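I have placed the structure first, in the form of structure tokens, so that the comments after it can refer back to it.
Values below: all heavy atoms of this structure, side chains included; hydrogens, waters and symmetry mates excluded. Sequential numbering from 1 along the given sequence is applied to the chain's residues. What you are looking at is a predicted structure, and each value in this text was computed from that prediction instead of being measured.
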Amino acid sequence: MKTSSKILMVLGAIITIVGMLVFRNLQYVNAVDGHAWTININGINSFPWITFTGGLFIVIGIIFYISSLDSKGKRYN
């Protein structure tokens, strides 16, 4: 499990960097803000999905890595 978690973290870092290069000048309006601006949905251009997916892979890799650690000194392993 540790190998797959490291692969997920590296893959997530690569995807995040690629996403930051692809969505360099992206302007989007947060739909949660309570203001009078018009929210234009531009399909995939309305949110940096590639960067978000890379960050998600990094977090999942970290969770896999932490969950595969051995607990020493515990009764049940």
Problem - Over 12 foreign heavy atoms within 6.0 Å of NZ, K2 - result: yes
Handout entry: Atom pair OG1 (T16) and CD1 (I58), whose distance is rounded to the nearest 0.5 Å
Key = 4.0 Å
Fill in the blank from the handout: Separation between CZ (F64) and CD1 (I7), nearest 0.5 Å, reads 12.0 Å
Practice task
Please name the residue in the list I17, V18, L11 that meets the side-chain contact (heavy atoms from CB on, under 4.5 Å) test with I15.
Solution key: L11
Practice task
State yes or no: do F57 and I63 share one hydrophobic cluster built from I, L, V, M, F, W and Y residues joined by side-chain heavy-atom distances below 4.5 Å, directly or via other members?
Solution key: no
Problem - Closest non-hydrogen atom pair between I62 and M9, with its separation - result: CG1-SD, 3.6 Å
Practice task
Work out which heavy atom in G61 is nearest to a heavy atom in S5; give both atom names and the distance.
Solution key: O-CB, 3.2 Å
